[in-house]
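Computed over heavy atoms, backbone and side chain alike; hydrogens, waters and symmetry mates excluded.
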Amino acid sequence: MSANIITNEFINPFEFPHPLALTRERYLQAFDQRADKLVTGAVVFEPSTNPNSQTKHILTIKRARHEDYFPNCFEIPGGKVDEGEYIGAALSRELFEETGLVLTKVLAQLPGMAYTTTKTVEQGGKQIVIVKKSVQLNFAVEVAPGDIKLDENEHFEWMWAGLEELRG
């Protein structure tokens, strides 16, 4: 893995200001006041029958065809942190809503990303362009054993992806 990964020993939910222990508002106030939206991402590694295997695969889920942004594209499970919600709670909730999997442990905080989305809407007979900045916080997680159950309104396919698939 990358040297940028923060290992288990640095994940302490009581150590301020660890992101999992912050609400959406506190995180944005402390770290990025210009963001319109805060998003979580869960990197779930495929359970291995061979613990010595160097080949790692992560769970990816394919966005629904009707989505405004990136329809038919694979992504990691995750989603928006609601107003007043703790980041750790949002990570667990979004993972369960999108996959039916139950988060049992956060292993590491991974590099995040910031991105902007643009949407054109009609308002009062005029075209208005809405630009929003999002910040995504990603975490490597463990989940309880269970079947993957997608919410077909949001995602319609899943796969365990290795480096080959992720690069493609």
Side-chain angles (χ1 to χ4, degrees), residues 1-32 35-64 67 69-70 73-115 134-163 165-166:
M1 300 297 293
S2 165
N4 292 332
I5 293 176
I6 299 170
T7 62
N8 222 16
E9 55 209 63
F10 296 108
I11 299 284
N12 180 350
F14 303 106
E15 182 179 307
F16 184 80
H18 191 277
L20 292 172
L22 297 177
T23 63
R24 173 188 171 278
E25 292 74 19
R26 290 283 299 193
Y27 178 86
L28 293 176
Q29 179 184 37
F31 296 103
D32 198 336
D36 301 299
K37 186 176 174 184
L38 185 60
V39 179
T40 63
V43 175
V44 180
F45 290 96
E46 181 178 23
S48 177
T49 54
N50 178 1
N52 297 322
S53 173
Q54 294 299 310
T55 305
K56 302 288 184 205
H57 292 86
I58 64 168
L59 178 63
T60 58
I61 53 181
K62 197 172 201 179
R63 292 174 62 85
E67 291 287 346
Y69 302 106
F70 306 107
C73 290
F74 280 97
E75 65 181 354
I76 59 174
K80 182 180 174 187
V81 180
D82 293 330
E83 190 173 323
E85 186 175 30
Y86 283 90
I87 293 167
L91 177 68
S92 180
R93 176 184 54 76
E94 284 288 347
L95 177 64
F96 182 76
E97 286 176 1
E98 293 189 351
T99 67
L101 297 173
V102 176
L103 178 108
T104 58
K105 186 176 184 182
V106 174
L107 301 172
Q109 183 174 359
L110 305 174
M113 62 183 172
Y115 57 94
S134 297
V135 173
Q136 181 167 328
L137 303 176
N138 298 312
F139 300 90
V141 302
E142 282 184 2
V143 296
D147 294 332
I148 296 168
K149 299 175 191 110
L150 300 179
D151 173 354
E152 295 201 6
N153 289 320
E154 294 187 27
H155 300 91
F156 66 96
E157 185 180 332
W158 64 271
M159 74 170 176
W160 295 108
L163 281 176
E165 292 89 358
L166 295 172

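Annotation for Phe96: atom CZ does not count as buried by contact number, only 12 or fewer foreign heavy atoms lying within 6.0 Å.
For the atom pair Ile87 CD1 and Leu38 CG, the distance stands at 5.0 Å (nearest 0.5 Å). The OH atom of Tyr86 lies 9.0 Å from the CZ atom of Arg26; values are rounded to the nearest 0.5 Å. Taken to the nearest 0.5 Å, the CG atom of Leu166 stands 7.0 Å off from the OG1 atom of Thr60.
Scanning for side-chain hydrogen bond (donor to acceptor under 3.5 Å, both in side chains) contacts around Gln136 gives Asn138, with sequence neighbours left out. Shown here are the salt bridge (Lys or Arg N to Asp or Glu O under 4.0 Å) partners of Asp82, two or more places apart in sequence or in another chain: Arg93. Residues meeting the salt bridge (Lys or Arg N to Asp or Glu O under 4.0 Å) test with Glu25, sequence neighbours left out: none.
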Could you give the side-chain donor-acceptor pairs of residues 141-162 under 3.5 Å, partners two or more places apart or in another chain?
residue, atom, partner, partner atom, Å
Asp151, OD1, Asn153, N, 3.0
His155, NE2, Glu75, OE2, 2.7

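Residues Leu95 and Phe139 are not in side-chain contact: their nearest non-hydrogen atoms beyond the backbone lie 4.5 Å or more apart.
Among Thr99, Val43, Ile76, the one residue that satisfies the side chain to side chain contact (heavy atoms under 4.5 Å, CB included) test with Leu59 is Thr99.
Considering all non-hydrogen atoms of both residues, Leu91 and Ala42 come closest at CD1-CB, 3.9 Å. Considering every non-hydrogen atom in both Gly78 and Glu98, the closest pair reads O-OE2, 2.7 Å.
Counting only distance, with no hydrogens or angles, the side chain of Glu94 and the backbone of Pro77 share no donor-acceptor pair below 3.5 Å. Looking only at distances, a side-chain donor or acceptor of Arg63 sits under 3.5 Å from a matching main-chain atom of Tyr69.
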Could you check Leu137 against Tyr27 for side chain to side chain contact (heavy atoms under 4.5 Å, CB included), going step by step and ending with a plain yes or no?
CA-CA 11 Å; Leu137 303 176; Tyr27 178 86; 3.4 Å; yes
